[in-house]
Amino acid sequence: MDNTAVSAMFDEFADWLEIDDENPFRVRAYRRAAQVVRDLPEDVAQVAAEGRLTHLEGIGKDLAGKIVEFLQTGKVAALEELRSKYPPTLRDLLQVPDVGPKTVALLYKRLNVSSLDELEEAAQAGKLAALPRMGKKTQENILRGIQLLKQSAGRVPLEVAWHIAESIVAELKPLPSVEQIIPAGSLRRWRETIGDIDILATTTGASAEVMDRFVHLPGVTEVLAHGETKSSVIVVVDARRKYSVQVDLRVVPPGSFGAALQYFTGSKDHNITLRARALKQGLTINEYGVFEEKTGKQVAGATEEEVYAALGLPLIPPELRENRGEVEAAAEGRLPDLIDLAAMRGDLHAHTTYSDGHNTIAEMADAARARGYEYLAITDHSKPLAWGMDEKTLRKQIKEIRQLNEKYHGFRILTGCEVDILSDGRLGMDAAVLQQLDIVIASVHSNFKQSREEMTRRIIRAMETGLVDIIAHPTGRLVGQREGYDVDVPALIEAAKRCGVALEINAHPDRLDLNDLNARAAKNAGVLLTINTDAHAPSNLDLLRFGVHTARRAWVEKKDVLNTMPLDGLLKWRQQRRGL
DNA sequence: GCCGTTTTCGGCCCGACTGTTTTCAGTCG
């Protein structure tokens, strides 16, 4: 809990230092500290209490002191001093693509721009183009960036929303009056961003206790409503960015729990289709139950299964409830047997200190074993990325992995590489060394502004080398932050099918790439998928669930996913794929 | 600001790309 807050404090510190034109290496020290604390597998307060802070990588005497100060007082004097130099909203400008700290400082000094709205105004008035080293194109890019931000404004990323919802449920569940409590809404459907969080509960007797507790939870900054059956609050969290989100808690009678859960899970369009179906059968549905239209007699309501069954349907998994054909499929008995987390046998995309990961191969492998995996592919970056490996380093890594594997039973580290796809579609690593690997992932990390044709050709060429098993994060998008590069996804899917290449659903909640719709198209085309975390630290392996639920939104079944295969099946697939 | 040591300060992943400029600053990964 404290880890997130401390990490956010350091990130904010780093932002202000950068805007203040501080020594970049000092800034990096703060960023690194933020990262280290964020990925810490134990409570930072515990580490502080035991005087072990300076044992952490990148935490020295000074930063340890700031952590202690923050834990004890909730503030850091040096940060307060920096904050006082600028308007608080100035920092928001950093969220705009192509706007970095130098530009923020320039905008503030020269135009007195200190908020997103003022930036948009200044850009529309053509004032940016007049600044040094700025021009019309930059001005247009900034305007587009602001539009993108506004589209995602008011919505929080899935991971942040789950974090909030789970901590609220954990606080309320132990109360003696609480019977059942579960998040509903788009969160339960695992949409990639969440507007507001709906939590549903049943109580034994009065609901006052749970409602009281709810409106006084830590993080609640505003109480919008405080009633017996419904309360609404605003919760503010500061992760890497600051988010505020509305959380509604509803209490319903046990006999209506299923109907309410169904109703508040949505989607709205799914519910409309369902209600239309009910009417044809002489039934009506609302949040209290399913009723006979003529007599008003309740025929279902306590469980969701009951509600769907009353309409002659099997339970439709929440992830499918987007009115994308799921009601018809359910009626015809052809709902997919969706993949789940338990079906996953390993992770095929992970980084170590050989490139930009934070941990050793052994540490990552141990984390994978602790999660019951059969295998973990180590896929560090290749040159020409600054932190990428060259052939010599990769050979060294292969050797280290082979040595490590000697001591494992029932688990294997797979050798691999996330090889960079160069602008022309060639790969950033020699074929000879790639052919030695268990798994070759290829992906784009540069020159994002190529034309659609160039980018599409670039990635297809990489597939056509025959050296690539998986295309990682195929569209390059970052949820709510960056549109993907312009690429013809259907053409990629066609090429993946032709070349026998698997496409990744990158499970990182910032990526979720392929997204649900693209992944469904890939599945329908018969392309094999793989769900990977792209982990840069052991704790990142737990992000897999976000990928699995995205796959479920894409109607994906176990058989569609490469890393549900046991190790020998996986290796056999790879051999066949490479024509060996 | 941290780290490692050649113990007291110098180095810290750095290259590609864009949009500006006419040689390069800023951003990104």
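Chain A is the first sequence line, chain B the second, and so forth, proteins listed ahead of strands; every chain is numbered from 1. The shown structure was predicted, so the numbers you read here are calculated from the model rather than taken from an experiment.
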Check: What distance, rounded to whole Å, do you find between the two C1' atoms, one in dT22(B) and one in dC13(B)?
Finding: 30 Å
Checklist line | Identified pairing partner of dT8(B), criterion: Watson-Crick or G-U wobble below 3.5 Å | finding: none
Checklist line | Atom P, compared across dG26(B) and dT21(B): separation rounded to whole Å | finding: 13 Å
Next item on the list: For Lys383(A), report the nucleic acid contact type (base, sugar-phosphate, nothing); a contact means any heavy atom under 4.0 Å.
Entry: nothing
Checklist line | Check: His381(A) ring centre within less than 6.0 Å of His445(A) ring centre | finding: yes
Notebook entry, point to check: Roughly how many Å is it from CG in Leu17(A) to C1' in dC2(B), rounded to a whole number?
Noted result: 14 Å
Item checked: Side chain proximity check, Arg458(A) to Ile421(A), heavy atoms < 4.5 angstrom -> yes
Next item on the list: Specify the separation, in whole Å, of atom CG of Leu107(A) and atom P of dG26(B).
Entry: 12 Å
Notebook entry, point to check: Can you name the nearest heavy-atom pair linking Ala522(A) to Leu529(A), along with the distance?
Noted result: CB-CD2, 4.0 Å
Notebook entry, point to check: Between Glu57(A) and Leu94(A), who's closer to the 5' end of DNA chain B by nearest nucleotide?
Noted result: Glu57(A)
Checklist line | Closest approach of Thr379(A) to Leu348(A) (non-hydrogen atoms, all atoms of both residues) | finding: CG2-O, 3.5 Å
Checklist line | Rounded distance in Å - CG (Leu106(A)) to C1' (dC24(B)) | finding: 16 Å
Item checked: Trp162(A) ring center within less than 6.0 Å of Phe546(A) ring center -> no
Checklist line | Rounded interatomic separation in angstrom, taking CG from Asp20(A) and P from dG1(B) | finding: 12 Å
Notebook entry, point to check: If the sugar-phosphate is the primed atoms plus P, OP1 and OP2 and the base is the rest, what is the B/S/- string for nucleotides 6-14 of chain B, using protein heavy atoms under 4.0 Å?
Noted result: ------BBB
Margin query: Students often get this wrong, so: under 4.0 angstrom with heavy atoms, is Val27(A) touching a base, only sugar-phosphate, or nothing?
Written below: nothing
Next item on the list: Quick one: closest heavy-atom pair of Met344(A) and Val561(A), and the distance?
Entry: CE-CG1, 4.3 Å
Check: Taking OP1 and OP2 of dC2(B), is either one under 4.0 Å from a side-chain nitrogen or oxygen of Thr54(A)?
Finding: no
Margin query: Rounding to an integer number of Å, can you tell me how far Arg31(A) CZ sits from dT27(B) P?
Written below: 12 Å
Margin query: So Pro24(A), base contact, sugar-phosphate only, or nothing? Heavy-atom distance under 4.0 Å.
Written below: nothing
Next item on the list: Answer yes if the side chains of Thr530(A) and Glu504(A) hold a donor-acceptor pair under 3.5 Å, and no otherwise.
Entry: no
Item checked: Spacing of the P atoms in dT5(B) and dC12(B) (rounded, Å) -> 15 Å
Next item on the list: May I have the distance from Asn447(A) (atom CG) to dG15(B) (atom C1'), rounded to whole angstrom?
Entry: 13 Å
Next item on the list: Kindly state whether the ring of Phe411(A) and the ring of Tyr375(A) have centres lying under 6.0 angstrom apart.
Entry: no
Note to self: Under 4.0 Å, heavy atom to any atom of DNA chain B: which of residues 121-144 of chain A qualify?
What the structure shows: Arg133(A), Met134(A), Gly135(A), Lys136(A), Lys137(A), Thr138(A), Asn141(A)
Check: Could you go step by step and tell me if Thr533(A) and Asn540(A) meet the side chain to side chain donor-acceptor pair (under 3.5 Å) rule?
Finding: CA-CA 7 Å; Thr533(A) 60; Asn540(A) 291 166; over 6 Å; no
Note to self: With nearest nucleotide decided by heavy atoms, which residue, Phe448(A) or Gly58(A), maps closer to the 5′ end of DNA chain B?
What the structure shows: Gly58(A)
Check: Given the C1' atoms of dT20(B) and dA25(B), what is the spacing between them in whole Å?
Finding: 9 Å
Checklist line | Nearest-Å distance once atom C1' is located in both dG11(B) and dT6(B) | finding: 14 Å
Checklist line | Atom pair distance, as rounded to whole Å: CG in Leu53(A) and P in dG1(B) | finding: 16 Å
Item checked: Pairwise C1' distance, dC2(B) and dT7(B) [rounded to whole Å] -> 15 Å
Item checked: Nearest-angstrom distance from the residue atom CE of Met9(A) to C1' of dG1(B) -> 13 Å
Check: Does a sphere of radius 6.0 Å around CZ in Arg52(A) hold more than 12 heavy atoms from other residues, nucleotides or ligands, not counting ones at 6.0 Å or beyond?
Finding: yes
Next item on the list: Just do the side chain to side chain donor-acceptor pair (under 3.5 Å) check on Asp513(A) and Asn506(A) with the steps written out, would you?
Entry: CA-CA 5 Å; Asp513(A) 178 14; Asn506(A) 191 293; over 6 Å; no
Note to self: Under 4.0 Å, counting only non-hydrogen atoms across every strand here, what does Leu63(A) touch: a base, just sugar-phosphate, or nothing?
What the structure shows: sugar-phosphate
Item checked: Residue Tyr30(A), side-chain atoms from C-beta onward, closest of dT18(B), dG1(B), dC17(B) -> dG1(B)
